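A short worksheet on the structure shown next.
In what follows, residues are counted from 1 in the order of the sequence shown. Model, not experiment: these values are computed from the prediction.
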Amino acid sequence: MSGASHARVAVLVLAAGLAACGPQRRSVPLEGPLLLASTELARGERLFSRDCQGCHPRGEAGLGPALNDKPLPEWAIRLQVRRGFGAMPGFPPEELSDEELDAVVRYLKAVRDPRPALR
């Protein structure tokens, strides 16, 4: 492994460790159904349901950790999804395209910040 690869892994481990230190709250209660403002967010929700829901039900802790209370930057989410970490498998582009991953990341950000713009 090259020095740059070691540095990326170290940053990922640090980001994951900091995220794990976050609050242990569950999802924020929503008033009524979450109406997604764009087809991109709706696509992200469908992809999340297909690929992520089994381990992160509704973004909460399940087999995997909660996602809806971790303000990870987009690059860290993408790296985690592509490479995997711990028990999480990686999702190569053949399984989840870059465009699909972008939609999932945008959906996760929207779920973490359910302001009226989403409804």
Contact summary for [X] and [Y], nearest pair of heavy atoms:
| X | Y | answer |
| --- | --- | --- |
| E100 | E95 | OE1-O, 4.1 Å |
| G54 | L63 | O-CD1, 4.3 Å |
| E40 | D102 | OE2-C, 4.1 Å |
| P57 | G62 | CD-CA, 3.8 Å |
| E99 | R43 | O-NH1, 4.0 Å |

> Can you list the steps and then say if R82 with L101 is a side-chain contact (heavy atoms from CB on, under 4.5 Å)?
Replying inline: CA-CA 9 Å; R82 285 290 180 233; L101 180 53; 3.9 Å; yes

Distance (rounded to the nearest 0.5 Å) between [X] [atom1] and [Y] [atom2]:
| X | Y | atom1 | atom2 | answer |
| --- | --- | --- | --- | --- |
| I77 | R106 | CD1 | CZ | 11.5 Å |
| L72 | R78 | CG | CZ | 12.5 Å |
| E45 | R50 | CD | CZ | 14.0 Å |

> Could you walk me through whether L96 and D51 pass the side-chain contact (heavy atoms from CB on, under 4.5 Å) check?
Replying inline: CA-CA 9 Å; L96 186 69; D51 295 326; 3.5 Å; yes

>> Run V104 and F91 through side-chain contact (heavy atoms from CB on, under 4.5 Å) and show every step you take.
In response: CA-CA 12 Å; V104 171; F91 288 82; over 6 Å; no

